[in-house]
Amino acid sequence: MSKKHNFSAGPCILPQEVFEKSAEAILDFNGIGLSLLEISHRSKDFVPVMDEARAIVKRLMNLGDEYEVLYLGGGASLQFAMVPYNLLKVGGKAAYLDTGTWAAGAIKEAKKIGTVDVVGSSKEANYSYIPKDYTVSSEYDYFHCTSNNTIYGTQMKTFPEVDTLMVCDMSSDIFSRQLDFSKFDLIYAGAQKNMGPAGVTLVVIKKEILGKTGRENMLSMLDYSQHIAKESMYNTPPVFPVYASLLTLQYLERNGGIAAAEQRNEAKAKLLYDEIDSNPLFETFCVKEDRSLMNVSFKITDESKKEEFDNAWKAAGISGLNGHRSLGGYRASLYNALPIESVQVLVDVMRSIK
């Protein structure tokens, strides 16, 4: 059976060798005669996996020992609560940028823990742009933003200078472009885009920012300090997603790191956006300056051609192109592992509709 051209928004495409090595590990991990799924997370076979999975993140991001790396459960959605629980001071307040559905979800959870000010929002324009006319002062305990918005196809191209801690949800564009990661005090990301399978969440955190909320008797499972002290093994970690994430990051490191991935991603996005801009049958949902390199959300301008287009892309072996149920249209996710050849197949299909 031929491999599909997988444009799914997540869980999504991963490098083929990651699938193959992960499959081998499930049957026989490192030749020990046991499956990865049945060995102890504290065994001499798995502990090096966790150690390297944490270390490689700091190498790729060029971060020092002032940062800790955690692999946690609960998805990025749990981080919507853990961030304010660990950073929002008792009686303090936080600043949030509202750029999409997931940013709104983070705001909703943070408001259950303390005071939240939304300093910028594009909700009134159906999240079709990234707000830029706002300031964040030192009166806030932290500023939270979402770097990329999978549903609406927008992405922050620059990040503001703020007089407080910078927190970013990078779930859908982590490791896809070069950034000064030291500008951020806390980064979190669900793995199921550029990192690995669903089931584990990456948290990168500057250690010095913890323990300053005035919150007593913190719930242990929600306390970053507890997880740091136990080196991401406060409880049994999701061993398979951690291992698959390590394989994905090793593949990234061997193939030129983030810099090379960014070049490939820019080429893929240019190919598709150029076709959308030159083809009157298609248009994007968002403003041009904020277009995402990861998620290209677009619609067809002539509904009478929709059935023909749908049949054509499915016949071409394309999968996962339907837009999010809240927006409609189409969404082509161009994550790191997607080859430019798959994008060309989609472009050829778009050109064939007359």
Side-chain angles (χ1 to χ4, degrees), residues 50-90 92 94-97 102-103 106 109-110 113-114 116 136 140-148 156 159-160 162-175 179-191 193-196 200-215 218-235 237-238 241-242 245-246 249 258:
M50 180 63 84
D51 289 344
E52 177 59 12
R54 295 164 63 222
I56 196 171
V57 169
K58 290 203 283 187
R59 290 202 303 273
L60 287 166
M61 291 184 168
N62 195 28
L63 295 175
D65 291 339
E66 69 273 23
Y67 285 86
E68 282 286 350
V69 175
L70 299 173
Y71 285 86
L72 304 177
S77 295
L78 180 59
Q79 297 308 308
F80 295 169
M82 285 186 73
V83 166
Y85 189 68
N86 285 266
L87 300 185
L88 184 52
K89 295 177 182 176
V90 175
Y96 276 68
L97 188 64
W102 307 118
E109 292 303 296
I113 293 176
V116 170
V136 180
Y140 295 106
D141 295 331
Y142 66 89
F143 167 69
H144 180 286
C145 59
T146 305
S147 57
N148 186 75
M156 295 180 72
F159 294 86
V162 298
D163 293 325
T164 187
L165 304 180
M166 174 89 81
V167 177
C168 190
D169 175 358
M170 294 189 184
S171 289
S172 53
D173 65 352
I174 191 82
F175 299 118
L179 294 171
D180 179 3
F181 293 102
S182 67
K183 184 175 183 176
F184 302 90
D185 298 281
L186 191 152
I187 296 166
Y188 65 91
K193 315 292 186 183
N194 280 324
M195 265 190 67
V200 70
T201 304
L202 175 70
V203 178
V204 182
I205 186 169
K206 191 178 288 186
K207 290 178 284 187
E208 67 180 24
I209 71 175
L210 297 175
K212 299 179 181 180
T213 64
R215 191 167 285 110
M218 291 180 65
L219 298 170
S220 297
M221 276 295 290
L222 300 182
D223 186 346
Y224 289 130
S225 296
Q226 294 280 1
H227 292 285
I228 290 172
K230 298 297 183 180
E231 299 179 326
S232 270
M233 293 196 189
Y234 177 79
N235 65 322
V242 170
S245 295
L246 171 60
L249 296 180
I258 297 175

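Small disclaimer: the values here were computed from a predicted structure and weren't measured.
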Problem set entry | Distance-only side-chain donor-acceptor flag, Tyr96 / Tyr142, under 3.5 Å |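 A pair is found: one side chain offers a donor N or O, the other an acceptor, under 3.5 Å apart.
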Problem set entry | Steps toward side chain to side chain contact (heavy atoms under 4.5 Å, CB included) verdict (Val200, Leu72) | CA-CA 6 Å; Val200 70; Leu72 304 177; over 6 Å; no
Determine whether [X] and [Y] make a side-chain contact, defined as any pair of heavy atoms from C-beta on separated by less than 4.5 Å.
| X | Y | answer |
| --- | --- | --- |
| Val57 | Phe175 | yes |
| Tyr71 | Pro238 | no |
| His144 | Cys168 | no |
| Val204 | Leu202 | yes |
| Leu186 | Leu87 | yes |
| Ser182 | Leu63 | yes |
| Val203 | Tyr224 | yes |
| Ile174 | Lys193 | no |

Only pairs under 3.5 Å count here: list side-chain donor-acceptor contacts from residues 208-215, not counting sequence neighbours, and write none if there are none.
unit_1, atom_1, unit_2, atom_2, d
Lys212, NZ, Glu208, O, 3.0
Thr213, OG1, Arg215, N, 3.0
Arg215, NH1, Tyr85, O, 2.6
Arg215, NH1, Leu88, O, 3.2
Arg215, NH2, Leu88, O, 3.1

To the nearest 0.5 Å, what is the distance between [atom1] ([X]) and [atom2] ([Y])?
| X | Y | atom1 | atom2 | value |
| --- | --- | --- | --- | --- |
| Leu97 | Cys145 | CG | SG | 6.5 Å |
| Met82 | Ile205 | CE | CD1 | 8.0 Å |
| Asn86 | His227 | CG | NE2 | 8.5 Å |
| Leu179 | Met170 | CG | CE | 5.5 Å |
| Asp51 | Glu231 | CG | CD | 6.5 Å |
| Asn62 | Phe181 | CG | CZ | 10.0 Å |

Problem set entry | Sidechain-backbone polar pair: Asp185 side chain, Met166 backbone, donor-acceptor under 3.5 Å | yes
For this session: Not counting sequence neighbours, list each pair that qualifies as a salt bridge (Lys or Arg N to Asp or Glu O under 4.0 Å) and has a residue in residues 61-70.
Result: Arg54-Glu68, Lys58-Asp65, Glu68-Lys207
Which pair of non-hydrogen atoms, one from [X] and one from [Y], has the smallest distance, and what is that distance?
| X | Y | answer |
| --- | --- | --- |
| Thr201 | Ala76 | OG1-N, 3.6 Å |
| Thr164 | Tyr140 | OG1-O, 2.6 Å |
| Pro84 | Ile113 | CG-CD1, 3.7 Å |
| Ala189 | Ser171 | CA-OG, 3.5 Å |

Exercise. Is it true that Tyr67 and Phe184 have ring centroids separated by less than 6.0 Å?
Worked result: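 No, the ring of Tyr67 stays outside the 6.0 Å limit from the ring of Phe184, centre to centre.
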Exercise. Can you check side chain to side chain contact (heavy atoms under 4.5 Å, CB included) on Phe143 and Phe159, steps first, answer last?
Worked result: CA-CA 11 Å; Phe143 167 69; Phe159 294 86; over 6 Å; no
For this session: Apply side chain to side chain contact (heavy atoms under 4.5 Å, CB included) to the pair Asp169 and Gln79, showing each step before the final yes or no.
Result: CA-CA 9 Å; Asp169 175 358; Gln79 297 308 308; over 6 Å; no
For this session: Apply side chain to side chain contact (heavy atoms under 4.5 Å, CB included) to Met221 and Gln226, showing your working.
Result: CA-CA 7 Å; Met221 276 295 290; Gln226 294 280 1; over 6 Å; no
